[in-house]
Amino acid sequence: MTATENTIAGPQRDVVGYNGKPPKVTWPGGARIAISLVVNYEEGSERAVGDGDPTGEQGRTPDWPAGKRDLALESLYEYGSRAGFWRLISIFDELDVKSTFYACAVALERNRDAAKEIRGRGHDVVSHGYRWEDVVLLGREEEREHIRKAIASIEETTGERPVGWYCRYGPSVHTRELLVEEGGFTYDCDAYNDDLPYWTTVHGTKHLVVPYSLAANDIKFQSSYGSPKDFEDYLKSDFDRLYKEGETHPKMMSIGLHMRLVGRPGRAQGLYNFIEYAKSFPGVWFATRGEIAQHWFDHHA
Amino acid sequence: MTIDTPIPGPVRDLVGYNGNPPKVTWPGNARIAISLVVNYEEGSELAIGDGDPRTERGYHEAPYYPWPAGERDLASESMYEYGSRAGFWRLMDIFDELDVKSTFYACAVALERNRDAAREIRARGHDVISHGYRWEDVTLLTREEERDHIAKAIASIEETTGERPVGWYCRYGPSVNTRELVVEEGGFTYDCDAYNDDLPYWTTVHGKKHLVIPYDIVANDGGFAAGLLGPPREFEEHLRYDFDRLYKEGETYPKMMSIGLHMRLVGHPARAQALANFIAYAKSFPGVWFARRGEIAQHWYENHA
């Protein structure tokens with residue numbers, strides 16, 4: 001069985017990548033590791049009966065009657081934008097680190113002061129969709145339209161259009177082509193397959209992918225993490241190994257955060273402990289994804 | 001009702017060594033044999049691009065996120081790619097750093113798709129046994145198909161790694177035909193399609209003596225995908241506790257400890273660090289043998305035939 005030629009829609013699979021020989025990266029300031037804190041700003045744009053969706057997000061039981069509002073779940077989401085957001089923003093200020101917001105356009109429209117604060121406090125904004133939605137369920141034309149609407153909306157709520165994109169969970173077979181076609185994106189993050197950015201080609205156009213992580217991610221508070229320390233431990237262990245590898249081959253570490261999850265006080269404390277720990281070492285760069293992309297364009301084009 | 005009525009597949013054995021396992025003396029008088037096992041699957045899992053009806057969407061960081069049937073799940077594909085692109089090299093580096101050897105349960109097609117990595121496995125001193133032609137559920141194959149897949153796997157692994165495999169391990173579990181086919185083929189020394197003991201044991205297949213070296217899906221990083229293991233520390237603790245108990249038993253009755261690893265799971269830095277911590281811990285004791293399964297098989301043929 002030979003390697004699959006790309007006879008199907010969507011990106012060609014690449015199970016080889018850098019083939020054990022990643023580029024020798026020198027992050028700005030000689031840093032040994034680039035840490036990309038990522039805050040997913042979704043709350044207010046999730047599936048909701050009040051927005052005309054047949055059902056809300058998965059809440060109490062899988063067989064929750066269609067059309068019946070789950071007010072408890074709506075409220076749990078609201079925690080994110082009402083309380084979690086401000087807690088995380090304060091922690092980042094306190095520890096003087098910058099992050100990237102994967103922001104759903106409609107969510108920002110519904111919390112305009114918060115939206116202004118993001119760039120106001122020096123954080124980056126990448127589009128996380130028009131709404132927090134499964135783009136695989138849109139047709140190609142509808143997806144193109146949603147990209148256009150997301151760009152316009154985020155430009156309006158944050159002052160600048162987004163130059164990065166990340167879908168909810170995963171892209172459709174059209175997403176990357178549409179982003180490259182649109183012409184104004186520098187990179188996308190719809191990949192989980194490496195510890196460094198990499199170039200790809202879309203119909204002859206060079207395009208940057210900055211991978212993300214569902215492993216170093218607070219979503220595990222919804223499955224296997226009990227104590228806030230579990231997430232803190234994961235991050236510290238991740239850092240320890242990457243920092244060691246960074247002696248010779250610096251890499252990047254993405255950390256996925258959700259305001260309604262890690263924004264809870266106890267879990268935020270765990271995140272705080274980790275950031276403090278990482279900052280205690282020399283050569284640690286808390287980077288926005290835009291900065292990482294810029295570095296890649298400048299040094300690894 | 002007895003369990004003596006013949007049905008296809010191996011006869012069940014609930015008794016095993018009956019509380020009297022052989023007194024094992026591992027090479028160098030080791031009190032414990034630790035078999036690190038790396039499952040090399042990525043690139044051979046179900047994929048739309050390979051003509052399968054669906055993407056493999058389990059056994060990774062976000063299993064079975066709702067997705068339309070028949071659509072490529074690019075997130076799942078990408079999470080698998082992490083294993084062969086990044087996780088593999090990290091594990092190889094850690095094994096080099098700590099100077100330990102492992103056994104790769106390699107799916108033939110996965111190695112075909114990452115040839116430099118395939119060559120590195122034996123080059124760095126690790127063992128390779130077959131984990132199937134693709135990472136597939138062999139119970140879905142007919143006997144003829146399964147025989148054919150075994151033959152293809154052997155030929156492929158010989159081509160990508162330089163030697164044919166002499167061990168076999170299915171995805172999760174064998175069919176009722178697997179062991180017979182493996183013995184019939186004639187070139188296998190053992191299979192690992194068992195979870196039922198802490199030591200290798202002999203069985204008989206149509207009168208022929210055949211070695212089984214049990215594996216372990218409990219001391220296994222699969223727990224990270226199943227939501228059973230939380231932070232990396234929990235895996236490290238499981239391994240340490242396993243080791244502590246087996247090392248103690250090894251004072252008089254040495255056993256073996258299998259550790260199941262997946263490049264897309266433990267290959268992430270946080271978990272790889274925990275694995276490295278465990279290996280360093282085990283190595284700090286005298287009488288600890290990090291063995292390839294081929295070596296364990298060899299020892300059994302020579303000392304417990």
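The shown structure was predicted, so the numbers you read here are calculated from the model rather than taken from an experiment. The sequence lines fix the lettering, A, B, ..., with proteins before strands; numbering per chain opens at 1. Hydrogens, waters and symmetry mates play no part in the numbers below; they use all other heavy atoms, side chains included.
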Quiz item: Given that the side chain runs from C-beta out, which part of A/Y198 has a heavy atom under 4.5 Å from chain B: side chain, backbone, both or neither?
Solution: side chain
Quiz item: Heavy-atom distance under 4.5 Å between the side chains of A/Y192 and B/E77, does that happen here?
Solution: no
Self-check item: Region of A/K244 in contact with chain B, defined by heavy-atom distances below 4.5 Å
Solution: side chain
Quiz item: Shortest non-hydrogen contact from A/N19 to B/N114?
Solution: OD1-OD1, 3.8 Å
Exercise. Quick one: closest heavy-atom pair of B/A274 and A/S237, and the distance?
Key: N-OG, 4.2 Å
Quiz item: What distance do A/I219 atom CD1 and B/E61 atom CD have between them, rounded to the nearest 0.5 Å?
Solution: 7.5 Å
Quiz item: Side chain, backbone, both or neither: which part of B/S76 has a non-hydrogen atom closer than 4.5 Å to chain A?
Solution: both
Self-check item: Side-chain ion pair, A/R241 and B/E97, N-O less than 4.0 Å
Solution: yes
Quiz item: What part of A/L137 lies closer than 4.5 angstrom to a heavy atom of chain B: side chain, backbone, both or neither?
Solution: side chain
Quiz item: If you count heavy-atom pairs under 4.5 Å between each of B/K152, B/M79, B/H60 and chain A, which one has the most?
Solution: B/M79
Quiz prompt | Atom pair CG/CG of A/D190 and B/L74 - distance to nearest 0.5 Å | solution = 8.5 Å
Quiz item: After noting the C-alpha distance and the side-chain angles of A/R13 and B/E45, does the key distance pass the salt bridge (Lys or Arg N to Asp or Glu O under 4.0 Å) rule?
Solution: CA-CA 12 Å; A/R13 288 203 78 185; B/E45 73 278 11; 3.0 Å; yes
Exercise. Specify which of A/G170, A/G226, A/P211 makes the most heavy-atom pairs with chain B at under 4.5 Å.
Key: A/G170
Quiz prompt | Minimal non-hydrogen separation, B/A86 against A/D194, with atom names | solution = CB-OD1, 4.4 Å
Quiz item: Do you know which two heavy atoms are closest between A/Y225 and B/G230, and how far apart they sit?
Solution: CE2-C, 3.4 Å
Quiz item: Should we say atom OH of B/Y59 is surrounded by more than 12 heavy atoms from elsewhere, each under 6.0 Å from it?
Solution: no
Self-check item: Contact origin within A/D134 toward chain B - heavy atom pairs under 4.5 Å
Solution: side chain
Quiz prompt | Leading residue by heavy atom contact count with chain A [cutoff under 4.5 Å; candidates B/A62, B/S84, B/S44] | solution = B/S84
Quiz item: Is it true that a side-chain atom of B/R72 and a backbone atom of A/A9 form a donor plus acceptor pair closer than 3.5 Å?
Solution: yes
Quiz item: When rounded to the nearest 0.5 angstrom, what distance separates CG in A/L242 from NE2 in B/H268?
Solution: 11.0 Å
Quiz item: In Å and rounded to the nearest 0.5 Å, what is the OH to OG distance from B/Y82 to A/S213?
Solution: 7.5 Å
Quiz item: Between B/L228 and A/S224, is any pair of side-chain heavy atoms under 4.5 Å apart?
Solution: no
Quiz item: Going by heavy atoms in the side chains, are B/E71 and A/V136 under 4.5 Å from each other?
Solution: yes
Quiz item: Which answer fits B/N277, side chain, backbone, both or neither, if we ask what part of it has an atom under 4.5 Å from a heavy atom of chain A?
Solution: neither
Quiz item: Of the backbone (N, CA, C, O) and the side chain (C-beta and beyond), which part of A/E245 lies under 4.5 Å from a heavy atom of chain B, both, or neither?
Solution: side chain
Quiz item: Is the number of heavy atoms from other residues, nucleotides or ligands under 6.0 Å of A/F281 CZ greater than 12?
Solution: yes
Quiz item: Taking the inter-plane angle between the rings of B/Y65 and A/Y169 on a 0 to 90° scale, is it parallel (under 30°), tilted (30 to 60°) or perpendicular (over 60°)?
Solution: parallel
Quiz item: For the atom pair CZ (B/R113) and CG (A/D14), what is the distance rounded to the nearest 0.5 Å?
Solution: 12.0 Å
Quiz item: Going by an N to O cut-off under 4.0 Å, is there a salt bridge joining A/D238 and B/R271?
Solution: no
Quiz prompt | Neighbour count above 12 (heavy atom, 6.0 Å) for A/K21 NZ | solution = no
Practice problem: Select, from A/R168, A/E232, A/K236, A/K229, the one with the greatest count of heavy-atom pairs under 4.5 Å involving chain B. | Solution: A/R168
Quiz item: Hey, are A/N193 and B/Y80 close enough side-chain-wise for a donor-acceptor pair under 3.5 Å?
Solution: no
Quiz item: Side chains of B/P231 and A/F231: does their closest heavy-atom pair fall under 4.5 Å?
Solution: no
Quiz item: Who among B/E81, B/R264, B/E234, B/R115 has the most heavy-atom pairs with chain A under 4.5 Å?
Solution: B/E81
Exercise. Please report the closest heavy-atom contact between A/D230 and B/R233, naming both atoms and the distance.
Key: OD1-NH2, 3.4 Å
Exercise. Run the salt-bridge test on B/R85 and A/D195 with the 4.0 Å N-O cut-off and return the result as yes or no.
Key: no
Quiz item: By a 4.5 Å heavy-atom criterion (distance strictly below it), what part of A/S172 contacts chain B: side chain, backbone, both, or neither?
Solution: backbone
Quiz item: Non-hydrogen atoms of chain A under 4.5 Å away: do they reach the side chain of B/L229, the backbone, both or neither?
Solution: backbone
